2 protein chains.
Amino acid sequence: MGRWEPHSRRRLEEAALALYARDGFEKTTAAQIAERAGLTERTFFRHFGDKREVLFSNEGAVRELLVTAVRNAPEAHAPRDAIAAGLQAVGGELQPRREAQRRRAALIAAHPELQERELIKQASWSAALADTLQARGVAEPAARLTAKVAIAIVRVAFERWIDEANDRDLPHLIAEALDQIELFASRE
Amino acid sequence: MGRWEPHSRRRLEEAALALYARDGFEKTTAAQIAERAGLTERTFFRHFGDKREVLFSNEGAVRELLVTAVRNAPEAHAPRDAIAAGLQAVGGELQPRREAQRRRAALIAAHPELQERELIKQASWSAALADTLQARGVAEPAARLTAKVAIAIVRVAFERWIDEANDRDLPHLIAEALDQIELFASRE
DNA sequence: GCACGGCATGTCAGTGGCTGACATCGCGAC
DNA sequence: GTCGCGATGTCAGCCACTGACATGCCGTGC
């Protein structure tokens, strides 16, 4: 066995989740999280830039999923269809974790500081998507605009998926939202 | 003369602007801002919820401009045209202050924490716009989606306006961005 | 013209997020 | 077996932000 228990990062994430849910975000201190994980506050801040970031450790992976799916869409596909593939990839990834996503969304909705962090993550998705569209030949500023619209689509679909009593699945809701917008983004 | 110099809020804003520009955002403390304004740190935090908020005091007024213009658009106008009126109102408001907007944008672009705040302000524009569209008869979730697209349009136009060497005016850039998207948002 | 209450500010003490500097020590490379 | 690396611990400190209470001009009512 090593000098320390393994998986410290994951332990911190789990401790944070549990305490944020139990006591609320503001009432939880970084020291409490660290203690519950058997670590020190300083170590918490080595793994996560701030108290909020611990709730967003997954974000990079989902973003990569999105841009990869768009990048790998057949070259003949119009931007709209490449984007559809990307959004569906994200939808398929999140669909199985509905309950966890719901809890997480409720936590974020209750705390403006967390919404801010969520929004900047969305902006980073948008920027990455815009780059990918450019690489597929979409010119600026259409690429940036189209990317923002695409993120708006997933978000609205996501919110319906979280909110609604019925259990329509996320990919379906994404497709529906996509149908409501005529994406510009023609090749030239 | 009153017990104190008047316009303390404005003095704080100006002091903050000057110091953020001169020394950078993080290197400026709230106490320094207050001192430059002839006030105390505590008073700074009575006027502004945090160090960032002082850069966004104008935001509510512009949001009101937007929703009012949309609300007052002739009832016969399609949502797309009502939105166009709203966005043009915002464009017309910002156009005369290009240099100030440019400086402000540069400051924000250099600091992720400020971007976060900017994004949540945009989200509040979007939410207010969605409500207004609903009041005009646009159903959910189309209203929310359309509102987000509208905000994406102003943002992309705004960024071009800020960035570009030439001096095309903001209302024109907004109209151009609007043309790139077919807004859904039909009445029923 | 005086008492009074409100309101913007001041004062003070405290909490907690976050950081830099330095110490510790198991583990793998060689 | 030594050595250096990397993850963690320890400690001291800054500053954003807050609650509680004090102060004193100013308008209001009488």
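Within every chain, numbering begins at 1; the chains are lettered A, B, ... in the order of the sequence lines, protein sequences first and strands thereafter. All heavy atoms count here, side chains included; hydrogens, waters and symmetry mates do not. Everything numeric in this text was worked out from a predicted model, so none of it was measured.
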Quick one: pull up [atom1] in [X] and [atom2] in [Y] and give me the separation to the nearest 0.5 Å.
{"X": "B:L114", "Y": "B:L119", "atom1": "CG", "atom2": "CG", "answer": "11.0 Å"}
{"X": "A:R22", "Y": "A:R36", "atom1": "CZ", "atom2": "CZ", "answer": "6.0 Å"}
{"X": "B:F56", "Y": "B:D50", "atom1": "CZ", "atom2": "CG", "answer": "9.5 Å"}

Tell me the interatomic distance from [X], atom [atom1], to [N], atom [atom2], rounded to whole angstroms.
{"X": "B:E113", "N": "D:dA16", "atom1": "CD", "atom2": "P", "value": "11 Å"}
{"X": "B:D50", "N": "C:dG16", "atom1": "CG", "atom2": "P", "value": "19 Å"}
{"X": "A:K27", "N": "D:dC17", "atom1": "NZ", "atom2": "P", "value": "20 Å"}
{"X": "A:R10", "N": "D:dA7", "atom1": "CZ", "atom2": "C1'", "value": "18 Å"}
{"X": "B:R9", "N": "C:dC7", "atom1": "CZ", "atom2": "C1'", "value": "16 Å"}
{"X": "B:E35", "N": "D:dA16", "atom1": "CD", "atom2": "P", "value": "14 Å"}
{"X": "B:F48", "N": "C:dA8", "atom1": "CZ", "atom2": "C1'", "value": "14 Å"}
{"X": "B:E41", "N": "D:dC14", "atom1": "CD", "atom2": "C1'", "value": "12 Å"}

Measuring to OP1 and OP2 of [N], would you say a side-chain N or O of [X] lies under 4.0 angstrom away?
{"X": "B:S8", "N": "C:dT9", "result": "yes"}
{"X": "A:T29", "N": "C:dG16", "result": "no"}
{"X": "A:H47", "N": "D:dA7", "result": "no"}

Given [options], the nucleotide with the shortest approach to the side chain of [X]:
{"X": "A:T40", "options": "D:dG9, C:dG10, D:dA16", "value": "D:dG9"}
{"X": "B:F45", "options": "C:dG10, D:dC17, C:dG17", "value": "D:dC17"}
{"X": "A:R3", "options": "D:dT23, C:dT9, D:dG6", "value": "D:dG6"}
{"X": "A:K51", "options": "C:dG17, C:dG10, D:dA16", "value": "C:dG17"}

Practice task
Specify the closest pair of heavy atoms between B:V70 and B:G86, including all atoms of both residues, with the distance to one decimal.
Solution key: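 Shortest heavy-atom contact: CG2-CA, 3.8 Å.
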Practice task
Considering non-hydrogen atoms only, spot the tightest contact between A:L170 and A:G91 and give its length.
Solution key: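 Closest pair (atom of A:L170, atom of A:G91, distance): CD2-CA, 3.8 Å.
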Hey, does the side chain of [X] reach the backbone of [Y] with a donor-acceptor pair shorter than 3.5 angstrom?
{"X": "B:K121", "Y": "B:R63", "value": "no"}
{"X": "B:R98", "Y": "B:W161", "value": "yes"}
{"X": "A:E13", "Y": "A:V54", "value": "no"}

Handout entry: First of A:A31 and A:R46 reached from the 5' end of DNA chain C, by closest nucleotide
Key =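 First, find each residue's nearest nucleotide; the 5'-ward one identifies A:A31.
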Practice task
Classify the ring geometry between B:F25 and B:H111 as parallel (under 30°), tilted (30 to 60°) or perpendicular (over 60°).
Solution key: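 It falls in the tilted class, 30° to 60°.
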Handout entry: Pair of N/O donor and acceptor under 3.5 Å linking D:dG19 base with B:R42 side chain
Key =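 Checked by distance alone, the answer is yes.
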Using a cut-off of under 3.5 Å, enumerate the N/O to N/O pairs linking the protein to nucleotides 1-5 of chain D.
none

Problem - Base-pairing string, 5' to 3', of DNA chain C - Watson-Crick or wobble, under 3.5 Å, | interstrand - result: ||||||||||||||||||||||||||||||
